[in-house]
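It should be emphasised that the depicted structure is a prediction, and the values quoted were computed from it without experimental measurement. Residue numbers run from 1 in the order of the sequence given.
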Amino acid sequence: MALVPYEETAGMGLQRFHKPLATFSFANHRIQIQQDWKQLGVAAVVWDAAVVLSTYLEMGAVELRGCSAVELGAGTGLVGIVAALLGAHVTITDRKVALEFLKSNVQANLPPHIQPKAVVKELTWGQNLGSFSPGEFDLILGADIIYLEETFTDLLRTLEHLCSNHSVILLACRIRYERDHNFLAMLERQFTVSKVHYDPEKDVHIYKAQKRNLREDL
C-alpha cells in the first residue's frame, strides 16, 4: 500500500517531493533515498511520518538488534533501511508495482554486510498472507499507512496475522480526519493501543499496539 499526499500549501510544501534525492543521516550512515513522483507518485517520496518513525527507532525506543521486523507499505523503504542499520532483520514490503523501486533504494543504502538482513517482499494487505508465517515478526512498522478506509479491514487482518502475543506494532501517522480516528477505534478493538511519541513540528503521532492479553478482556 502506498502513501497519501498531504493537503499542504501548494508550492513550498510539495517541492521537496519532486527532488530526485532526499538525504538523511541515521545510525551513523548517510542515506540517500531516490524519489520518483512522476512515475510512482505518493509511493515514491519520503513522508514526514517515515522520518519521525526512523528517528524514534534511532532513539533506542525498541531493541532492534536481532529483532525480526517487517515494514508495511514501505514506499521508499526509509524506515526498513534504518531498522536494518540498527541491527534488525527486516522484511520490507509493498505492493508488486513498487517493489523494483523499493529494492533499488534498499540496495543503494545498506552496506554489503548488512544487505542480507533486509529482504524486499511483496505484500498486498489481506491477500497473500499465506507467504508469511503467522506471528512471524517481533516488530511491525508502518509510516503513513492509515488513510484509505476501504483498506482498514485488510490492514487489521494483516496485523493480526503477522503478530504473535509478544509482537509490537509501531504506527506513525498524522491524525487529521474522522477516518483516522475510526481506524484507531478499530485497532483498539483488537489490540492494546497507546500513544508513545508525538513530534509537534511535523504533527506526527506514533502509536504502539500489541495483541490483547486474554486477562484484559475478562
Side-chain angles (χ1 to χ4, degrees), residues 1 24 26-29 31 33 49-96 98-99 102-146 154-173 187 190-194 196-197 206-214:
M1 198 55 59
F24 306 93
F26 286 110
N28 297 316
H29 284 76
I31 300 173
I33 298 292
V51 178
V52 173
L53 185 52
S54 296
T55 302
Y56 184 73
L57 295 179
E58 189 177 46
M59 289 163 51
V62 292
E63 179 54 58
L64 289 172
R65 293 200 175 277
C67 167
S68 173
V70 60
E71 184 185 4
L72 305 181
T76 63
L78 176 63
V79 173
I81 289 166
V82 172
L85 290 171
L86 291 170
H89 295 266
V90 190
T91 302
I92 306 174
T93 70
D94 211 317
R95 295 171 301 161
K96 186 175 182 178
L99 287 190
L102 177 55
K103 283 179 185 177
S104 67
N105 270 322
V106 171
Q107 291 171 356
N109 287 287
L110 291 180
H113 70 284
I114 294 180
Q115 286 195 19
K117 293 184 177 181
V119 175
V120 175
K121 189 171 179 178
E122 180 184 356
L123 174 56
T124 300
W125 302 339
Q127 291 189 24
N128 58 321
L129 296 178
S131 60
F132 296 84
S133 300
E136 182 174 347
F137 299 101
D138 303 315
L139 180 65
I140 293 90
L141 302 166
D144 257 338
I145 61 174
I146 303 165
D154 286 336
L155 175 54
L156 287 167
R157 186 182 303 126
T158 301
L159 293 173
E160 180 74 24
H161 180 82
L162 298 177
C163 284
S164 71
N165 291 332
H166 305 290
S167 303
V168 171
I169 301 166
L170 292 177
L171 299 176
C173 59
L187 187 68
Q190 292 180 236
F191 298 89
T192 300
V193 181
S194 60
V196 294
H197 183 71
I206 297 180
Y207 292 91
K208 175 182 176 181
Q210 292 180 280
K211 278 193 174 181
R212 287 188 176 278
N213 187 319
L214 290 177

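Going from atom NZ of Lys96 over to atom CG of Leu123 covers 14.5 Å, rounded to the nearest 0.5 Å. Distance check: Asn28 CG to Leu86 CG gives 9.0 Å after rounding to the nearest 0.5 Å. Rounding to the nearest 0.5 Å gives a distance of 9.0 Å between CD1 of Ile145 and SG of Cys173. We find the CG-CG distance between Leu78 and Leu102 to be 11.0 Å, quoted to the nearest 0.5 Å. The distance from atom CD1 of Ile92 to atom CG of Leu72, rounded to the nearest 0.5 Å, is 11.5 Å. Gln115 CD to His113 NE2: the interatomic distance, rounded to the nearest 0.5 Å, is 10.0 Å.
When side chains are defined from C-beta on, Phe26 counts as touching Val51, because their heavy atoms get closer than 4.5 Å. Counting only heavy atoms from C-beta outward, the side chains of Lys211 and Phe191 approach each other to under 4.5 Å. Within the 4.5 Å cutoff, side-chain heavy atoms of Pro111 are placed close to those of His29. When side chains are defined from C-beta on, Leu53 does not count as touching Leu171, because their heavy atoms never get closer than 4.5 Å. No side-chain heavy atom of Val90 sits under 4.5 Å from any side-chain heavy atom of Val79. Two residues are said to be in side-chain contact when any heavy atoms from C-beta on lie closer than 4.5 Å; Ile146 and Leu187 fail this criterion. For the pair His197/Val52, a side-chain contact is recorded, criterion being any heavy-atom separation below 4.5 Å from C-beta on. In this structure, Val168 and Lys208 have side chains that are in contact, with non-hydrogen atoms separated by less than 4.5 Å.
Of all heavy-atom pairs spanning Ser68 and Phe137, the tightest one is OG-CD2, 3.3 Å. The two residues Thr124 and Asn128 have their closest heavy-atom pair at N-OD1, 2.9 Å. Shortest non-hydrogen contact noted between Ala88 and Ala69 is CB-CB, 4.4 Å. In this structure, Thr91 and Lys121 approach most closely via the heavy-atom pair CG2-CB, 3.9 Å. The two residues Cys67 and Leu139 make their nearest non-hydrogen contact at SG-CB, 3.7 Å. For the residue pair Ala84 and Ala118, the shortest heavy atom distance occurs at CB-CB, 4.4 Å.
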Verdict with reasoning, Phe24 to Val82, per side-chain contact (heavy atoms from CB on, under 4.5 Å): CA-CA 10 Å; Phe24 306 93; Val82 172; over 6 Å; no
Check against side-chain contact (heavy atoms from CB on, under 4.5 Å), Thr158 and Ile140: CA-CA 10 Å; Thr158 301; Ile140 293 90; over 6 Å; no
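Counting only distance, with no hydrogens or angles, the side chain of Asp94 and the backbone of Gly75 share a donor-acceptor pair below 3.5 Å. In terms of modelled atom types and a separation under 3.5 Å, the side chain of Thr93 and the main chain of Glu71 share a donor-acceptor contact.
A side-chain contact (heavy atoms from CB on, under 4.5 Å) with Leu57 holds for exactly one of Leu85, Ile206, Leu170; it is Leu170.
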